[in-house]
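In what follows, a structure is listed as structure tokens, so that the remarks can point back to it.
Chain letters run A, B, ... following the sequence lines, proteins first, then strands; residues in each count from 1.
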Amino acid sequence: MLDIKIVREKTQIVIEALKKRGSDASILDGLLRLEAKRRAQLAVVEELRQQRNVLSEEIGKLRKQGESPSALLENAKKISDEIALKEQSLRELETQTLQEILVLPNIPHESVPLGKDDTGNVEVRKRGRLPEFSFQPKAHWDIGEDLKILDFERAGKIAGARFCLYKGPGARLERSLINFMLDLHTGEAGYTEVFPPVLVNKDSMTGTGQLPKFEEDLFKIGNDERNLFLIPTAEVPVTNIFRGEILNEEELPVYYTAYTPCFRREAGSYGKDTKGLIRQHQFNKVELVKFVKPEDSYTELESLTLNAEEVLKRLGLPYRVVALCTGDLGFSSAKTYDIEVWFPSQERYREISSCSNFEDFQSRRADIRFKRKGKKGTEFVHTLNGSGLAIGRTLAAMLENFQQEDGSVIIPEVLRPYMKSEKIVKG
RNA sequence: GGAGAGGUGGCCGAGAGGUCGAAGGCAGCCGCCUGCUAAGCGGUUGUGGGGCUAACACCCCACCCAGGGUUCGAAUCCCUGCCUCUCCGCCA
């Protein structure tokens, strides 16, 4: 959420930001009008409340002196009734203003390249050698089915489309990747491992920006009055760990890493990646989340991205890093790097991690603040997160990049202690 | 699922319809005193919003888990929800 004061006082900046994102800046008009009304009404209500307070105090004093306050009572009653009335309309204005401001996207950082869609994204670096094959490389779903480690058909029977049943070395590989990534991040990189709830309430979803705008992407538990949602990413529960809290300056930065399953409706992506592990309703992910001081957030974004890249480096998977342009930037993000891994069967890079700095956009929504030593008041922390990495996509990329002509798949060195084997073979 | 207890400032803890943003203690900050460590003494220290400012100061409003209600007036009374604790039952 943007600061209403900024929208009010630095409207031009917000208009520019919306334009850069390709959004219609005229949506601000209604908000500004509402906000003006809201403040006027607030002044009215506060003025009345003051009058009431003065009268009430007077009444109290008279009572104490044993005199009758009946003359004042009538007036006080009248003012009280009026307050109730005006408060009603103030509440309505507040609700409307909040609704409008919650759907405004974040302001892109000045370093974000201009562009209107993903064609405007800028490649920042490229690492690893693309594999060369003396045969026609297969798609990961064919490799997985031939090795009998991925069973999409039976998953379809159990749950439906966009689910997968992992078996034998496939299931073990999934687990190995989770453990490898968590071990890596909790090592030198210094992240603390957390394992959060994967069902969360509405406030949490609003805190990180999934609600109110993107409800159709979420699975909702409908037969329970708590109205919980399945998380689409660990970002939600982990960022909300500190919702409504004030941290001490010395506690920052906080680095968390979490493995969780993730659940997405994938509404509106019919026909996209219908085969394979790329787009599933349920998938595993190891997430990186940081809470930092504002002045550090952009160096923290660089290091967080490097932490995610390290996984691919150690696995030996070729990848590139892309800076998303203003038109492709996510709703809550001020700046995002996508990490994309090479898929030989598709002869292209596909997103495997998205590392973002949200600045104070999420922390303002979620009310996560910190206090500087010796300074008055509080400030919002900056939050960041990135996948480190999406497990299913990593597994898919490994199958494709490390496939052999005989249909087997070589396990990279770093995973062998987890897999207890060097190779996945048929049978 | 059943029966109780409770949620107050950074922490502990009073309060019980009026002058309570909230006693007291601890912690923190400022100063004094003391030639050791320590102790002692005085003062001070919440958050958000609005107004006015170049800014500070200042003024006002709100906040004692959350949301409603009663009342001229609620931390205090009533209702609902959430959370925590104890006991019983059930359960991976």
Side-chain angles (χ1 to χ4, degrees), chain A residues 1-10 31-102 195-207 211 221 223-229 237 240-252 254 261 360 363-381:
Chain A
M1 167 166 79
L2 296 179
D3 187 350
I4 186 69
K5 269 193 207 160
I6 289 183
V7 177
R8 207 163 69 202
E9 286 159 22
K10 299 181 177 163
L31 172 60
L32 287 169
R33 221 173 302 128
L34 270 171
E35 168 64 3
K37 272 198 196 163
R38 195 203 111 233
R39 276 203 302 163
Q41 190 68 1
L42 180 63
V44 169
V45 168
E46 288 193 347
E47 164 73 24
L48 283 168
R49 283 208 276 236
Q50 191 188 349
Q51 283 179 29
R52 183 201 59 197
N53 290 348
V54 169
L55 273 178
S56 290
E57 204 172 311
E58 203 68 21
I59 291 168
K61 274 184 197 156
L62 286 176
R63 273 266 161 79
K64 201 150 236 181
Q65 293 162 12
E67 295 173 39
S68 163
S70 53
L72 295 177
L73 271 176
E74 198 181 326
N75 196 14
K77 172 81 179 143
K78 240 173 65 193
I79 292 180
S80 255
D81 290 345
E82 197 178 350
I83 289 175
L85 213 72
K86 300 274 155 110
E87 274 180 340
Q88 168 84 27
S89 93
L90 176 63
R91 260 197 303 272
E92 278 162 23
L93 286 167
E94 280 172 343
T95 313
Q96 287 171 26
T97 313
L98 188 66
Q99 269 172 7
E100 299 252 331
I101 196 153
L102 280 177
F195 187 70
V198 300
L199 282 171
V200 303
N201 57 32
K202 192 176 153 193
D203 286 343
S204 293
M205 283 296 184
T206 307
L211 293 178
I221 308 302
N223 67 343
D224 186 288
E225 63 287 351
R226 278 167 297 195
N227 283 322
L228 298 172
F229 295 87
N240 277 283
I241 286 174
F242 294 121
R243 173 151 49 86
E245 296 191 29
I246 299 172
L247 305 171
N248 289 318
E249 181 177 15
E250 311 91 76
E251 294 176 72
L252 298 173
V254 174
D360 63 4
S363 58
R364 176 170 286 108
R365 285 176 166 242
D367 190 25
I368 306 171
R369 291 172 288 164
F370 76 104
K371 196 168 169 46
R372 290 193 202 265
K373 221 175 145 60
K375 268 199 151 183
K376 248 184 109 78
T378 57
E379 293 174 51
F380 289 108
V381 304

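Taking atom CG of A:L72 as the reference point, atom P of B:U71 lies 18 Å away to the nearest angstrom. Note: CD (A:E35) to C1' (B:G50) measures 11 Å, nearest angstrom. Put simply, CD on A:Q41 is 22 Å from P on B:C60, counting in whole angstrom units. Residue A:K5 contributes atom NZ, which lies 8 Å from atom C1' of B:G49 at whole-angstrom precision. Here the C1' atom of nucleotide B:A62 and the CD atom of A:E47 are 16 Å apart, to the nearest Å. Distance A:D81 CG to B:G73 P: 9 Å, rounded to the nearest Å. Between A:N248 atom CG and B:C11 atom C1' the separation is 12 Å, expressed in whole Å. The distance between atom CZ of A:R364 and atom P of B:G48, rounded to the nearest whole Å, is 12 Å.
Here the side chain of A:L42 is nearest to one of B:G49, B:G48, B:U19, namely B:G49. Proximity note for A:E46 (side chain, C-beta onward) versus B:C60, B:U47, B:C72: the nearest is B:C60. Set against B:G73, B:G68, B:G50, the side chain of A:R52 has B:G73 as its closest nucleotide.
The shortest distance between the side-chain N/O atoms of A:R49 and the OP1/OP2 oxygens of B:C72 is not below 4.0 Å. At B:U71, none of the side-chain N or O atoms of A:S80 fall inside 4.0 Å of OP1 or OP2 (strictly under the cut-off). For B:G73, neither phosphate oxygen OP1 nor OP2 lies less than 4.0 angstrom from any side-chain nitrogen or oxygen of A:N53. An OP1 or OP2 oxygen of B:G46 is reached within less than 4.0 angstrom by no side-chain nitrogen or oxygen of A:K371. In this structure, A:R369 reaches the B:G48 phosphate: one of its side-chain N or O atoms is under 4.0 Å from OP1 or OP2.
Both distances falling under 3.5 Å, in either a Watson-Crick or a G-U wobble arrangement, place B:G10 opposite B:C26. In this structure, B:C52 forms no base pair with any nucleotide, since neither Watson-Crick nor G-U wobble geometry is met with both distances under 3.5 Å. Judged by Watson-Crick or G-U wobble contacts below 3.5 Å, the nucleotide B:A57 has no partner. Under the Watson-Crick and G-U wobble criteria, each requiring two contacts below 3.5 Å, nucleotide B:C91 is left unpaired. Across every strand in view, B:C63 sits in a pair with B:G46 that passes the Watson-Crick or G-U test at under 3.5 angstrom. Searching all strands for a Watson-Crick or G-U wobble partner of B:C85 with both distances below 3.5 Å returns B:G4. Base pairing annotation: B:U34 forms no Watson-Crick or G-U wobble pair, as no partner gives both donor-acceptor distances under 3.5 Å. Figure legend. B:U19 is base-paired to no nucleotide; pairs are counted as Watson-Crick or G-U wobble with both atom distances under 3.5 Å.
Residues A:K77 and A:E74 are not paired through a salt bridge, judged by the lack of any N-O separation under 4.0 Å between the basic side chain and the carboxylate.
In this structure, A:K371 places its NZ atom where more than 12 heavy-atom neighbours from other residues, nucleotides or ligands lie under 6.0 Å away.
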Salt bridge (charged side-chain N to carboxylate O under 4.0 Å, His left out) between A:R38 and A:E35, worked out: CA-CA 5 Å; A:R38 195 203 111 233; A:E35 168 64 3; 2.5 Å; yes
Criterion salt bridge (charged side-chain N to carboxylate O under 4.0 Å, His left out) on A:E82 and A:K86, from CA distance to verdict: CA-CA 6 Å; A:E82 197 178 350; A:K86 300 274 155 110; 3.6 Å; yes
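When the P atom is compared between B:G31 and B:G73, the two are found 47 Å apart, to the nearest whole Å. With C1' as the reference atom, B:U37 and B:C30 are 23 Å apart, rounded to whole Å. The same atom, P, is picked in B:G24 and in B:A14; the two are 15 Å apart, to the nearest Å. On the P atoms, B:G21 is 15 Å away from B:G46, given to the nearest whole Å. The C1' atoms of B:G15 and B:A74 are separated by 13 Å, rounded to the nearest whole Å. Across the C1' atoms, B:G13 and B:G6 are found 14 Å apart, a figure rounded to whole Å. Between B:C63 and B:U19, the two P atoms lie 14 Å apart (nearest whole Å). For the P atom pair drawn from B:A27 and B:C12, the interatomic distance equals 15 Å after rounding to whole Å.
Mapping A:L55 and A:K61 onto RNA chain B by nearest heavy atom places A:K61 at the nucleotide closer to the 5' end. RNA chain B is contacted by both A:E57 and A:A43; A:E57 maps to the nucleotide lying nearer its 5′ end (nearest heavy atom per residue).
If you check every strand for non-hydrogen atoms under 4.0 Å, A:Q50 touches sugar and phosphate atoms only. Within the nucleic acid shown, A:R63 comes within 4.0 Å of at least one base atom, counting heavy atoms only. Within the 4.0 angstrom heavy-atom criterion, only backbone atoms of the sugar-phosphate kind lie near A:R8; the bases stay farther away. Looking at heavy-atom distances under 4.0 Å, A:I59 makes contact with a base.
Put simply, the side chain of A:S363 gets close to the backbone of A:V381: a donor and an acceptor are under 3.5 Å apart. Judged purely by atom type and a 3.5 angstrom limit, A:R8 has no side-chain atom pairing as donor or acceptor with the backbone of A:D3. At distances below 3.5 Å, at least one donor-acceptor pair connects side-chain atoms of A:E251 with backbone N or O atoms of A:N248.
Not a single donor-acceptor pair, N or O on each side, falls under 3.5 Å between the base of B:G50 and the side chain of A:R39.
Using a 4.5 Å heavy-atom threshold, the side chains of A:R369 and A:E379 count as separate.
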